[in-house]
Amino acid sequence: MLDMFPYPSGAGLHVGHPLGYIASDIYSRYKRLKGYNVLHPMGFDAFGLPAEQYAIQTGQHPAHTTEVNIARYKEQLDAIGFDYDWSREVRTSDPKYYKFTQWIFIQLFHSWYNTELQKAQPIEDLVKVFAKEGNTQVKAASGKVETFTATDWNSYTEKQQQEALMDYRLAYLKYADVNWCPALGTVLANDEVKDGVSERGGHPVIKKSMRQWFLRITAYAQRLLDGLDTVDFAESLKEQQRNWVGRSEGASVFFKIDGREESIEVFTTRPDTIFGATFLVLAPEHPLVAEITTNHKEVAEYQTYVQSRSERDRQADVKTVSGAFTGAYAHNPFTGEEIPIWIAEYVLMGYGTGAIMAVPSDDDRDNAFATKFGLQIIEVIDKSDYPGATRSDKLGKMINSGFLDGMEVPAAITLMCQKVDEMCIGQGKINYRMRDAGFSRQRYWGEPFPVTYKDDMPYTLPESALPVELPEVDSFKPTGDGDSPLARNTEWLNTPDGPRETDTMPGYAGSSWYFLRYMDPHNDDFFVGNDAVNYWQDVDLYTGGAEHAVGHLLYSRFWHKFFYDKGWVPTQEPYKKLVNQGMIQGVSEKINFITIEDLKRVGDKIINEVLEDPNIIKNNIVNNNLFYILVSQCTNNVKVKQVIEALRINADLLNSIKDEIKSNRVTRLFFDSKIKIDVLSLLGENHIGSQNIDLTIVENGKTSISKLIAHWPFIFRNSASYFDGNIFSVPIYQQIPGPKDNYVTRSGVYFEVSSLDFSDSSWISDTLSYRSKYDTEQILNSELDFRIEDETYEFQPSKSSSIAPKVMLINTFSEVEKMSKSKFNVVNPDEIIAKYGADTFRMYEMFLGPIEQSKPWITNGLDGVHKFLRKFWRLFYSEGGLDITDEAPTKDELKVLHKTIKKIQDDIERLSFNTCISAFMIATNELTDLKCRKRAILKELTILLAPFAPHIAEELWQNALGEKGTVVYAPFPKFDESVLVESNFNYPVSINGKVRVTIDFPLDYTQDQVQPEVLANEQVQRWLEGKEPKKFIFVKGRIINVVV
RNA sequence: GCCCUGGUGGUGGAAUUGGUAGACACGCAGGACUUAAAAUCCUGUGAGCAGUAAUGUUCGUGCGGGUUCAAGUCCCGCCCGGGGUACCA
């Protein structure tokens, strides 16, 4: 029984984490009651970026932060009453653990993948083959390799040999791009980059090529696909993994470049359409671009633009079609036509060959591209036999395609693959979208590589040197030139054998094999002992978030297959069954803002377009979605004061005031989250923004000014503020470090006063005393100011105020999204446990709904669960104390018990825990009604409840029932079906599908026995109105339907 | 954009295989007990219409179509929310 490894974040365990943990705890306790030996461990994925960032900010060592966070996590986990075997705890950041992570890396480094045997093998074997016959006969998963003979190999220098081997290793070095932020001097994670600039500070981010480690997961692509058929994961999750691996069958074809020796290799899944290939598109980073370009200026400019775009942007942004012509041409090998070679961002270097043949007649993106740049489009498929088929469907009859004419598409694909092969211009090929996994991070808080460099080539350290422990460094900041902070410790860096690798491993290194360590956590000789792994084998049930669907799960499956190849584990797949628990989401508070320039433009657009478009009105206003309109008179001299009122309106009201809006040319701005989308569509992105704010800032719809200032002290303390009774405004200073610690004013925010809570005024003196330490110059330069006269605080427009700040805050709103510290919406379980106890908390989390469904954390039903537990308790204790009898139970009581046993047993097996809680409630309500206090019933029920509410169950077991020992190992009650057998069934009788009456019949009655009585029924007669029924449907034990 | 996933009363959700939609809770309303509060218990509660009432009847599972004796469930086309998208974990 395994739970996904938590990362011990500084925010502590939030209410979302335990959802899966509680489910697995119930399951493992249940299996224990059923007599199984259950291994249910827990540990920590302790390396990671947040601890490192915290270290940069505070100077605290990540090891220390991690230690503190783990202690807190364990305290919280224990408070919920989990049955973890802490003697088996593992932590990825423990040198005793990462010793083996490093060891596994070494094994990957010294392995290659034999595609003939479909198996990883020692690299020494390959060396022997090279020395004997070169690499021409070797069938291996490799990079692009030049062929060499045995003579070549033996004449190679050590360095050349190492370089050649690098193309075969399962862990290898190559150059790859990272998100490089020159201003911060650091490499950024994808989610630290937004719109081409760093999230912190807004500095430009570019791609930088660095030599990095990769794992050859692509060698296992097919096995990772095949393995999916053997495991019990949700079909959707398997589908996600299949898509990630992205197998596609097609052909690679070479296109000859005009006037040059080289050809361009393209991969296509549609070789049939080659007669319609009217141009080629290369990825802007394609190595051939530099060589063939004659159109230097435009290409260079375009390449610079693409540098600033993230891969996701490049794929996602299908609206903007962009590209540049290289000036070079190639030849279509079948039509013989000269076709231009372009570069465009929608072609990615990392996928396929980094080049495509564009067939604008049969590919949407190619079509958009050709249309925009006026390139030729030749129709090659007649789809008239397939009405409704889209451009990309592989359907139709070939036309304008030489020898393919008249063939159906699938046949044409097959023939074309053969033809390409015959003509020696390419071959049929299976391509995978999946790429090798980047394994280098330019970070401190991760596993160091057990590697030193000699002559610029890497060599692994001997096992005796493991673990290579993280060195102490004087600062956790990046070095500024792209190296990780490890490079700061030069004493550590330089060894007699050469300099060390300074990058560290990514998060998934430690988490790809941790479940094996649980089986044998204290083994110092091997990562997992043979006996242990043969006894426990694999994970029977794995629970965790769907967000890990590909990343972690695919990587660990890959590692496991490698272990299998090496003979270290007995199974091909690590996880037999996997359940994705849904996310418990947080409710975030957010603010929307928009520039005043844009506000005016929106106003015009709304007047001219939106109010005239019935669809927009309908989509946004119906369904009682009232929305806000901010009324503002937009003159050229926009002043805050002129924002005069905010209205809540509905569709009818909008219609009635439409003309007034138009004639007065007042700007009306929609600012519900739904409306925001329409503002977006009116203006495009980047014109309206939103930002998360601390949950507690907004209370009862009012924004607390003192809390807002505590949240953004910098902004408020150093800025002048303006207040006129209606509007409270604050210019915002963006925190961009510059010479002499100057900061730049970027924008301002406005709050409607009616939405603010001024009750706590301590911020005024706090702000003033803070400011007095600074030069008044800065305050004078501010656009607006507030003053204090006498003892009363009065806010007035500053005399120097003439320029209006650029950004207007529109409103705050709530949104349900992922719980995370950065979104200020984290809720901890501690308070609830303190108030209601762990049992209530456990049961409530289960009661919230199906385990795999995501839902926001709302505590509405908490009381009901708590009340249930009290009611259950009262089955044992009445006012006079313990009140249990030894009488024999009645038939009704037994029925309640056995109905519940069956329900709980079935529902736990199918992991439907929310319905279990309901079943307990029903049983308790029914037994209360029956006034049942019988030991024989209550004892069994206590065992049933024990996995869900272990504390109360244990208490009742030992003290109320007086049982010896713990309920944890009690035998699970045996279900007796005979108790539940019914002789009659109350049939619902419907007329034309609508139930009108119910009639009781013995269950063994057939249709013939039932029909006369049903038709004679008074109700049925009424609906028949004297007519004969058309049809009589009888489903035994379910329903009767009379069709009239 | 692409992939995945969800949408049912005022709220969380139930309906396991196409067979009585709204189980079980929360909330709300009314009542009992109590000096009072807490706790506990009882009754009602999808919406509309008719009826003093029992009850009857129409509508109703995001929207629009379809299949079926029967659709929350299956099919087709949309809309909206959430997650992932390769360096957050």
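Order of the sequence lines sets the chain letters (A, B, ...), proteins ahead of strands, with each chain counted from 1. The shown structure was predicted, so the numbers you read here are calculated from the model rather than taken from an experiment.
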Query raised in the report: Taking atom CG of N986(A) and atom CG of N984(A), what is their separation to the nearest 0.5 Å?
Result: 9.0 Å

Query raised in the report: Which whole number of Å gives the distance between the C1' atom of G13(B) and that of A25(B)?
Result: 9 Å

Query raised in the report: In whole Å, what separates the P atom of G81(B) from that of G22(B)?
Result: 31 Å

Requested in this report: Write out the stems for RNA chain B, ordered by first number and formatted as range with range, counting runs of at least 3 consecutive Watson-Crick or G-U wobble pairs under 3.5 Å.
Outcome: B:1-7 with B:79-85, B:10-12 with B:24-26, B:27-32 with B:40-45, B:46-50 with B:55-59, B:62-66 with B:74-78

**Report entry** V1014(A) vs F1034(A) side-chain heavy atoms within contact, under 4.5 Å
**Finding:** no

Query raised in the report: How many Å lie between CG on L848(A) and P on U11(B), as a whole number?
Result: 16 Å

Query raised in the report: With a 3.5 Å cut-off and no angle check, do the side chains of S484(A) and D503(A) form a donor-acceptor pair?
Result: no

Query raised in the report: Just how far, in rounded Å, is P of C4(B) from CD of Q581(A)?
Result: 21 Å

Query - Derivation and outcome, ring pair (Phe, Tyr, Trp, His ring centres under 6.0 Å), residues F920(A) and F948(A) - result: CA-CA 10 Å; F920(A) 281 125; F948(A) 295 83; 5.2 Å; yes

Report summary line: Rounded to whole Å, the NZ-P distance (K855(A) to U5(B)) equals 17 Å

Polar atom pairs (N or O), protein with nucleotides 46-50 of chain B, under 3.5 Å:
none

**Report entry** Interatomic distance at P, G1(B) relative to C87(B), whole Å
**Finding:** 23 Å

Query raised in the report: Ignoring hydrogens and angles, does a donor from either the side chain of N243(A) or the base of C3(B) sit under 3.5 Å from an acceptor on the other?
Result: no

Can you check nucleotides 73-76 of chain B for protein contacts, nitrogen or oxygen pairs under 3.5 Å, and list what you find?
none

Query raised in the report: Just by protein heavy atoms under 4.0 Å, how would nucleotides 84-89 of chain B read 5' to 3' in B, S and -?
Result: SBBBBB

Report task. Tell me, please, which residues at least two apart from A283(A) pass side chain to side chain contact (heavy atoms under 4.5 Å, CB included). Result -> E285(A), V347(A), M349(A)

Requested in this report: May I ask you to test the L225(A)-R242(A) pair for a side-chain heavy-atom distance under 4.5 Å?
Outcome: yes

Query raised in the report: Taking C-beta and beyond as the side chain, do T915(A) and R910(A) meet within less than 4.5 Å on heavy atoms?
Result: yes

Query - Residues which pass side chain to side chain contact (heavy atoms under 4.5 Å, CB included) with R435(A), listed by chain and number, not counting sequence neighbours - result: E311(A)

Requested in this report: Output the distance between atom CZ (R842(A)) and atom CD1 (I917(A)), rounded to the nearest 0.5 Å.
Outcome: 10.0 Å

Query raised in the report: Of G993(A) and E852(A), whose closest RNA chain B nucleotide lies nearer the 5' terminus?
Result: E852(A)

Query - Residue-phosphate contact under 4.0 Å: R874(A) side-chain N/O, C41(B) OP1/OP2 - result: yes

Query raised in the report: Which value, rounded to the nearest 0.5 Å, describes the distance between M505(A) atom CE and T101(A) atom OG1?
Result: 7.0 Å

Query - Spacing of I1039(A) atom CD1 relative to G19(B) atom P, expressed in whole Å - result: 9 Å

**Report entry** Same-atom distance (C1') from G60(B) to G72(B), integer angstrom
**Finding:** 11 Å

Query raised in the report: Does the side chain of Y54(A) reach to within under 4.5 Å of the side chain of P62(A), using non-hydrogen atoms?
Result: no

Report task. Just jot down the salt bridge (charged side-chain N to carboxylate O under 4.0 Å, His left out) partners of E852(A), sequence neighbours excluded, or say none. Result -> none

Query raised in the report: Any side-chain heavy atom of P506(A) within less than 4.5 Å of one from F439(A)?
Result: yes

Query raised in the report: Please give, in whole Å, the distance from U16(B) P to R910(A) CZ?
Result: 8 Å

Report task. Using the P atom on both, measure A23(B) against U45(B) and round to a whole Å. Result -> 10 Å

Query - Syn or anti for G9(B) (syn when the glycosidic angle lies within 90° of 0) - result: syn

With 3.5 Å as the limit, what N/O pairs link the protein to nucleotides 58-60 of chain B?
from	atom 1	to	atom 2	distance (Å)
U58(B)	OP2	R996(A)	NH1	3.1

Query raised in the report: Base, sugar-phosphate, or nothing: which does V1043(A) touch, judged by heavy atoms less than 4.0 Å apart?
Result: sugar-phosphate

Query raised in the report: On a whole-Å scale, what distance lies between the C1' atoms belonging to U61(B) and C74(B)?
Result: 16 Å

Query raised in the report: How about I851(A) and M846(A): do any of their side-chain heavy atoms sit closer than 4.5 Å?
Result: yes

Query raised in the report: Got a sec, which residues hit side chain to side chain contact (heavy atoms under 4.5 Å, CB included) with S854(A), two or more places apart in sequence or on another chain?
Result: M583(A), Q585(A)

Query raised in the report: What distance, rounded to whole Å, do you find between the two P atoms, one in A70(B) and one in C59(B)?
Result: 15 Å

Query raised in the report: Ion pair present between K902(A) and D906(A), side-chain N to carboxylate O less than 4.0 angstrom?
Result: yes

Report task. Establish, from distance only, whether the side-chain atoms of Y346(A) and D366(A) form a donor-acceptor pair under 3.5 Å. Result -> yes

Requested in this report: For Q1021(A), check side chain to side chain contact (heavy atoms under 4.5 Å, CB included) against everything at least two apart and list the hits.
Outcome: L1024(A)

Query raised in the report: Quick one: N580(A) CG to G6(B) P, roughly how many Å, whole number?
Result: 12 Å

Protein-nucleotides 7-9 of chain B N/O pairs closer than 3.5 Å?
none

Report task. Output the distance between atom CH2 (W513(A)) and atom OG1 (T92(A)), rounded to the nearest 0.5 Å. Result -> 10.0 Å

Query raised in the report: More than 12 heavy atoms of other residues, nucleotides or ligands under 6.0 Å from NZ of K174(A): is that the case?
Result: yes

Protein-nucleotides 23-26 of chain B N/O pairs closer than 3.5 Å?
from	atom 1	to	atom 2	distance (Å)
A23(B)	N1	S918(A)	OG	3.4
A25(B)	OP1	N925(A)	ND2	2.5
C26(B)	OP1	K867(A)	NZ	3.1
C26(B)	O2'	N860(A)	O	2.5

**Report entry** Pairwise side-chain contact, Y542(A) with L553(A), heavy-atom cut-off 4.5 Å (strictly under)
**Finding:** yes

**Report entry** Value in whole Å for how far the C1' atom of G12(B) lies from CD of E845(A)
**Finding:** 13 Å

Query - Check against ring pair (Phe, Tyr, Trp, His ring centres under 6.0 Å), W559(A) and Y514(A) - result: CA-CA 11 Å; W559(A) 281 40; Y514(A) 73 106; over 10 Å; no

Report task. Take the protein atom CZ of R870(A) and the nucleotide atom P of A39(B), then report the distance between them rounded to whole Å. Result -> 8 Å

Query raised in the report: Do K1031(A) and N1041(A) get their side chains close enough for a donor-acceptor pair, meaning under 3.5 Å?
Result: no

Report task. Pick the P atom in U11(B) and in G48(B), then give their distance to the nearest Å. Result -> 15 Å

Query raised in the report: Hey, which of these two, N986(A) or K1031(A), hits RNA chain B nearer its 5' end, going by closest nucleotide?
Result: N986(A)

